[in-house]
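No hydrogens, no waters, no symmetry mates; every other heavy atom, side chains included, goes into these values. When a ligand or atom number is given, it counts from 1 through the structure's own listing order. Quantities reported herein were computed from a predicted structural model and do not represent experimental measurements.
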Amino acid sequence: MPQYNPPLRDMQFVLHELLHAVDELKLLPAHAEIDEDTVNAVLEEGGKFAKEVLTPINLSGDQEGCTLDKATHEVKAPKGFKEAYAQYVEGGWPALSCDPEYGGQGLPVLLNQFMYEMMNSANQAWTMYPGLSHGAYEALHAHGTPEQKSTYLPKLTSGVWTGTMCLTEPHCGTDLGLLRSKAEPQADGSYKITGQKIFISAGEHDLAENIIHLVLARLPDAPQGSKGISLFVVPKFKVNADGSLGERNPVYCGGLEHKMGIHGNATAQIVLDGAVGTLVGQPNKGLQAMFVMMNAARLGVGNQSLGLTEVAYQNAVVYAKDRIQMRALSGPKAPDKAADPIIVHPDVRKMLLTARAFAEGGRALSAYTALQLDKALSSDDADERKACEDEVALLTPIIKAFISDNAWIATSHCMQVFGGHGYIHEWGMEQFVRDSRINMTYEGTNTVQSLDLLGRKILANNGATLKKFGKKIAEFVEEEGTSEAMQEFINPLADIGDKVTKLTTEIGMKAFQNPDEVGAAAVDYLRVVGHLCFAYMWARMAKLALEKKDGGDPFYTAKLSTARFYFAKLLPETASLIRTARAGLNPLMEMDEALF
Ligand SMILES: Cc1cc2nc3c(=O)[nH]c(=O)nc-3n(C[C@H](O)[C@H](O)[C@H](O)COP(=O)(O)OP(=O)(O)OC[C@H]3O[C@@H](n4cnc5c(N)ncnc54)[C@H](O)[C@@H]3O)c2cc1C
């Protein structure tokens with residue numbers, strides 16, 4: 001069975017040495033009291049919960065899956081999931097970064113992010129139950145009426161109730177403008193919602209006493225397309241005026257999907273048969289309100305992928321040191337054994353280092369973004385809030401798509417380190433690969449993320465936000481440009497920065513002639529910009545490692561070697577990506593559809 005050890009040292013490095021997070025957070029009125037000891041203690045306790053409670057039920061949860069009782073429409077999560085959730089609630093973990101007004105602990109998003117990384121490493125399927133709830137909490141917190149907030153937020157904060165996100169319908173996934181679920185206004189101000197949703201994560205289960213569905217539907221006479229969508233909150237059990245549970249609302253699980261991975265999470269078909277709900281936000285403005293949840297979920301998916309990359313890496317390293325096969329080409333490295341451990345072989349190291357560089361780079365970038373999000377939420381300076389909001393909006397599709405694409409590569413490499421044993425269930429490695437695959441698809445496929453990045457976040461504002469982010473990189477390049485030791489990192493960082501600028505302009509010009517050029521280049525483009533972000537993080541980490549490596553702590557020596565690996569073996573992928581992005585639309589569209 002796979003093991004998991006929370007990477008606390010690396011988390012502390014990112015928080016305290018790379019980002020100086022406590023100093024930055026203290027400047028925000030909401031976090032003026034935060035200190036390093038609290039941060040470290042939360043991480044340590046959170047890590048124990050992930051390792052001791054969630055890891056042991058990951059493999060078994062995958063094997064057992066969820067079961068639906070067709071007569072009652074009730075779903076049972078795998079053995080141990082309910083008990084683990086009870087422990088999670090008892091520990092107060094759902095409340096970590098929630099608003100104190102509703103019973104939350106008011107700690108930074110950044111800390112919650114690390115907590116979720118650890119839980120995702122330990123058990124992604126389980127972690128989706130609280131993950132979806134937290135997204136529902138955020139959407140209601142931002143857009144709920146005072147009554148909705150007082151009814152739902154304290155229970156979502158404590159974790160006694162969980163939440164879902166009901167967007168997808170059988171005929172509509174990416175294009176939500178096509179959705180058909182209907183909401184009929186009632187005399188008492190509520191709505192009766194009818195329709196069918198599919199693929200609803202954590203849609204039905206036995207972990208919590210109530211499930212709060214956030215549902216997109218259309219009002220009568222709503223405009224066609226995405227401008228006619230409204231958001232409703234629909235509880236599984238209606239809630240009485242005193243907060244107690246009332247009668248069952250007709251919102252049922254009609255079936256569970258049999259799927260490739262995350263078996264422990266119930267992916268439910270949800271039937272709404274005149275279920276009673278209330279409107280969240282403005283009529284026909286449901287997508288804007290839902291975007292709060294979708295953006296949180298997109299960062300969450302990056303975090304799921306980071307968690308899987310880390311745990312796959314940890315297990316592959318243990319195996320590679322233990323498994324002996326063949327001798328090193330340069331002669332025996334373990335002459336006392338019948339063969340050398342496979343970690344001596346260059347390509348095994350390449351697979352391990354790829355996963356490590358993706359995990360540590362992803363952790364740095366995700367934490368950097370979470371810190372910007374804390375500033376966007378809590379700064380008392382309106383300009384800073386806006387600048388941070390824009391930066392988070394720019395980085396969100398990159399975190400979602402780049403880190404999940406990387407996790408697919410990394411988990412597959414780590415499985416490969418196990419040879420044929422990686423393909424066998426009991427080692428747990430094939431589960432990481434299967435679990436990671438959905439991260440490239442849900443919450444808007446990675447193609448859709450790349451269109452969002454290039455089209456909406458970059459070209460639509462003439463690259464203004466990208467330029468601001470680029471300015472930070474340019475300042476770092478300037479500061480470190482004279483350091484000889486940093487040249488091996490600064491030169492390629494400056495180079496990829498220039499190339500991104502040129503590529504963006506070139507695609508922008510082509511898109512004037514034909515907007516389909518954006519679709520032709522976007523996926524390659526996102527990966528190039530993802531590497532720009534990673535190169536920036538890795539160069540900053542390399543600087544710290546260079547400064548501290550002579551102090552005798554091997555952590556910095558390893559960091560420096562991983563940075564060198566990243567710049568030498570992973571970043572150069574951008575050369576071919578830029579070529580394929582520049583190859584443009586014609587090779588894709590030349591062939592007549594009939595010839596496919
Ligand atoms: C396990 C699982 C859990 C999920 N959880 C939830 C959930 O909790 N709540 C929820 O509402 N939904 C959920 N989903 C649904 C998920 O978000 C959708 O499957 C996803 O958004 C894609 O929609 P689709 O499957 O209809 O594919 P489609 O939209 O039909 O897309 C098919 C393909 O066409 C591509 N495509 C579409 N439009 C374009 C375009 N303009 N340019 C280029 N390519 C395009 C897509 O990228 C994709 O490759 C879940 C799905 C799964 C499998």
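Inclusion of I438 in the set of residues having an N or O under 3.5 Å from an N or O of ligand 1 is not warranted. The shortest N or O to N or O distance between T267 and ligand 1 is not under 3.5 Å. Considering backbone and side-chain atoms alike, T445 places an N or O below 3.5 Å from some N or O of ligand 1. At least one N or O atom of M165, backbone or side chain, sits closer than 3.5 Å to an N or O atom of ligand 1. For ligand 1, the polar-atom distance check finds no N/O of V448 at less than 3.5 Å from any of the ligand's N/O atoms. Residue Y442 places no N or O, backbone or side chain, under 3.5 Å from any N or O of ligand 1. At least one N or O atom of S201, backbone or side chain, sits closer than 3.5 Å to an N or O atom of ligand 1.
Taking every heavy atom of G173 and a limit of under 4.0 angstrom, the matching atoms of ligand 1 come to 23 (O), 24 (P), 26 (O), 29 (O). Listed by number with element, the atoms of ligand 1 under 4.0 Å from a non-hydrogen atom of E443 are 17 (O). Taking every non-hydrogen atom of I200 and a distance limit under 4.0 Å, the qualifying atoms of ligand 1 come out as 7 (C), 8 (O), 9 (N), 10 (C), 11 (O). Within ligand 1, counting atoms from 1 as listed, the ones closer than 4.0 Å to a heavy atom of T447 are 43 (C), 44 (N), 47 (O).
When every heavy atom of V311 is checked against every heavy atom of S121, the shortest pair comes out as CG1-O, 3.5 Å. The minimum heavy-atom distance between G444 and Q449, with the atom names listed, is O-NE2, 3.0 Å. Across every non-hydrogen atom of H531 and L577, the tightest pair is CD2-CD1, 4.5 Å. Scanning both residues, L365 and F534, for their nearest heavy atoms gives CD2-CE1, 3.9 Å. Residues A266 and L256 come closest through the heavy atom pair CB-CD2, 3.9 Å. Residue V433 comes nearest to T411 through the heavy atom pair CG2-O, 3.5 Å, listed as atom of the first residue, atom of the second, then distance.
Of the protein's non-hydrogen atoms, F199 O, 3.0 Å is the one closest to atom 13 (C) of ligand 1. The protein atom (non-hydrogen) at minimum distance from atom 21 (O) of ligand 1 is G444 N, 4.0 Å. Of all protein heavy atoms, the one lying nearest to atom 36 (N) of ligand 1 is T174 OG1, 4.6 Å. The nearest protein atom to atom 41 (N) of ligand 1, hydrogens excluded, is given as L451 CD1, 4.1 Å; this is a heavy-atom distance. Among all non-hydrogen protein atoms, the one lying nearest atom 12 (N) of ligand 1 is T168 OG1, 2.6 Å. Protein heavy atom in closest approach to atom 20 (C) of ligand 1: T441 O, 3.8 Å.
Less than 4.0 angstrom separates atom 39 (C) of ligand 1 from none of the non-hydrogen atoms of the protein. The nearest protein heavy atom to atom 45 (C) of ligand 1 is not closer than 4.0 Å. Under the 4.0 Å distance rule, the nearest protein heavy atom to atom 30 (O) of ligand 1 falls outside the cut-off. Protein heavy atoms are found inside the 4.0 Å sphere centred on atom 3 (C) of ligand 1. Under the 4.0 angstrom criterion, atom 34 (O) of ligand 1 counts as lacking any protein heavy-atom contact.
Of all the listed residues (L167, V523, T164), L167 holds the heavy atom that lies closest to atom 11 (O) of ligand 1.
A donor and an acceptor atom, one from each side chain of Y88 and E83, are nowhere located under 3.5 Å apart.
Ion pairing between E443 and K400 fails under the 4.0 Å rule for side-chain N and carboxylate O. Electrostatic pairing of K457 and D390 does not count as a salt bridge here, judged by no charged N lying under 4.0 Å from a carboxylate O. Taking the charged nitrogens against the carboxylate oxygens, E506 and K502 have no contact shorter than 4.0 Å, which rules out a salt bridge. By the 4.0 Å N-to-carboxylate-O rule, E169 lies close enough to K197 to be salt-bridged with it.
With hydrogens and angles ignored, the 3.5 Å screen pairs a side-chain donor or acceptor of Q186 with a backbone N or O of E184.
If you look at N265 next to ligand 1, there are no close heavy atoms at all, none under 4.0 Å.
Other residues, nucleotides and ligands contribute at most 12 non-hydrogen atoms within 6.0 Å of the CZ atom of R582.
With sequence neighbours excluded, the residues that form a salt bridge (Lys or Arg N to Asp or Glu O under 4.0 Å) with K236 are E74, E204.
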